[in-house]
Amino acid sequence: MAVWGDLGRNVLFLLGQVQRRGLHGGSGFGRCKTSVRCMTQAAHQPEPEPDDNEHISKKFVNRNPRNLEQMALAVKDRGWSTVWPSRQCYHRLEFSRSQHHVTAQVFSPGSVAPVLSCSTREWAVKREVGSMRAVAACQAVGEVLAQRCREAGLLRLSFRAIPWQFRSQAVQKFWTAMKEGGITLSEPRRKYV
């Protein structure tokens with residue numbers, strides 16, 4: 001009995017296939033219309049659309065210009081050996097005191113304008129410090145500049161003060177404020193690969 005049941009199901013299935021082909025205009029078992037899929041054909045797979053995000057360009061463009069600098073592979077401008085301050089650095093920190101104000105600036109080797117700066121001329125620093133030229137003002141400028149350098153991603157700076165000025169208490173306080181702020185005041189030696 002089970003054999004007759006399986007045979008009956010197969011016959012009904014084949015009759016259904018023949019009827020479907022008759023309705024859609026198909027003729028014969030070997031040919032199929034494009035609108036109706038034969039049992040022997042695989043389902044149509046859509047062509048993958050090219051995605052612009054997966055396109056690999058032949059020309060490499062460095063989107064992070066500082067990655068070679070952070071790996072110490074970028075070329076440093078050597079300049080003349082008699083030039084003060086030395087140009088052989090990625091970013092140079094300059095600290096100056098005038099009669100009325102304290103100023104600290106960060107320069108990149110190719111630019112004349114500072115990349116970052118902090119001074120007691122700024123209102124935010126001026127209202128927190130009593131005297132614009134005192135040792136506490138130097139420490140406050142160092143703390144604010146260290147925070148700005150961290151936010152800009154400059155964690156290593158070259159700082160070379162004139163030796164007889166470096167021994168002063170004001171420059172020492174500025175130096176320790178920058179160190180405590182998380183800034184390393186020396187750059188790694190350049191790697192030659």
Side-chain angles (χ1 to χ4, degrees), residues 52-54 56-57 59-193:
D52 290 339
N53 291 334
E54 295 175 5
I56 299 172
S57 177
K59 179 182 162 189
F60 175 74
V61 177
N62 186 4
R63 293 188 180 169
N64 183 0
R66 292 193 53 231
N67 62 356
L68 292 177
E69 171 194 320
Q70 291 170 351
M71 293 187 296
L73 294 174
V75 178
K76 291 183 180 182
D77 182 20
R78 290 169 59 185
W80 297 96
S81 60
T82 57
V83 174
W84 180 267
S86 174
R87 292 186 183 180
Q88 195 168 356
C89 60
Y90 296 122
H91 290 92
R92 183 179 76 242
L93 174 63
E94 286 186 6
F95 177 75
S96 63
R97 293 174 71 195
S98 67
Q99 287 183 339
H100 303 289
H101 293 286
V102 175
T103 304
Q105 297 174 329
V106 177
F107 291 92
S108 63
S111 70
V112 179
V115 177
L116 290 172
S117 66
C118 183
S119 175
T120 53
R121 291 184 182 100
E122 298 175 15
W123 176 248
V125 178
K126 186 185 284 189
R127 72 174 184 199
E128 295 295 324
V129 179
S131 172
M132 300 303 138
R133 199 179 178 292
V135 174
C138 297
Q139 183 175 2
V141 166
E143 291 169 358
V144 172
L145 187 65
Q147 179 183 357
R148 290 178 185 175
C149 287
R150 276 196 325 269
E151 290 172 359
L154 300 174
L155 300 177
R156 298 188 75 123
L157 302 172
S158 175
F159 178 62
R160 297 185 73 198
I162 300 172
W164 55 86
Q165 288 181 350
F166 186 72
R167 282 179 252 146
S168 70
Q169 187 180 6
V171 177
Q172 289 292 321
K173 284 288 189 181
F174 172 76
W175 187 76
T176 54
M178 290 291 288
K179 285 280 199 182
E180 289 172 358
I183 306 300
T184 306
L185 294 177
S186 64
E187 289 185 342
R189 292 181 60 94
R190 183 179 166 213
K191 300 174 188 171
Y192 296 94
V193 179

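Within the 4.5 Å cutoff, no side-chain heavy atoms of Arg156 are placed close to those of Leu185. Put simply, the side chain of Leu116 does not reach to within 4.5 Å of the side chain of Pro114, judged on heavy atoms. No side-chain heavy atom of Val141 sits less than 4.5 Å from a side-chain heavy atom of Val129. Using a 4.5 Å heavy-atom threshold, the side chains of Leu157 and Thr184 count as separate.
Of the inter-residue distances, the one linking Ile183 atom CD1 with Leu145 atom CG reads 7.5 Å to the nearest 0.5 angstrom. How far CZ of Phe159 is from CH2 of Trp175: 9.5 Å, rounded to the nearest 0.5 Å. Separation of atoms OG (Ser158) and CZ (Phe107) is listed at 13.0 Å; rounding is to 0.5 Å.
Evaluation of the side chain to side chain donor-acceptor pair (under 3.5 Å) rule for Gln99 yields no partner, not counting sequence neighbours. Annotation: salt bridge (Lys or Arg N to Asp or Glu O under 4.0 Å) contacts of Glu187 (sequence neighbours excluded): Lys76. A search for side-chain contact (heavy atoms from CB on, under 4.5 Å) contacts involving Lys126 returns Trp123, Met132, not counting sequence neighbours. Every residue two or more places apart in sequence or in another chain was checked for a side chain to side chain donor-acceptor pair (under 3.5 Å) with Glu180, and none qualifies. Remark: Ser108 pairs with His91, Ser111, Val115 by the side-chain contact (heavy atoms from CB on, under 4.5 Å) rule, at least two apart or across chains. When the side chain to side chain donor-acceptor pair (under 3.5 Å) test is applied to Ser117, no partner is found at least two apart in sequence or on another chain. Applying the salt bridge (Lys or Arg N to Asp or Glu O under 4.0 Å) test to Glu122 and every residue at least two apart in sequence or in another chain returns Arg148. With sequence neighbours excluded, the residues satisfying side-chain contact (heavy atoms from CB on, under 4.5 Å) with Gln147 are Arg150, Glu151. Remark: Ala177 pairs with Gln139, Glu143 by the side-chain contact (heavy atoms from CB on, under 4.5 Å) rule, at least two apart or across chains.
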| task | Check the pair Val106 / Arg92 against side chain to side chain contact (heavy atoms under 4.5 Å, CB included), numbers first and verdict last. | result | CA-CA 6 Å; Val106 177; Arg92 183 179 76 242; over 6 Å; no

| message | If you apply the rule side-chain hydrogen bond (donor to acceptor under 3.5 Å, both in side chains), what do you find for Ser119 with His101, and how did you get there? | response | CA-CA 7 Å; Ser119 175; His101 293 286; 5.1 Å; no

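Of all heavy-atom pairs between Cys138 and Phe174, the closest is O-CD1, 3.6 Å. Minimum interatomic distance between Ser131 and Ala137 (heavy atoms only, all atoms of both residues): O-CB, 3.4 Å. Considering all non-hydrogen atoms of both residues, Val125 and Val144 come closest at CG2-CG2, 4.3 Å.
Pairs passing the salt bridge (charged side-chain N to carboxylate O under 4.0 Å, His left out) check and including a residue from residues 98-120, sequence neighbours excluded, do not occur.
Within the 3.5 Å criterion, the main-chain N or O of Val102 finds no donor-acceptor partner in the side chain of Arg97.
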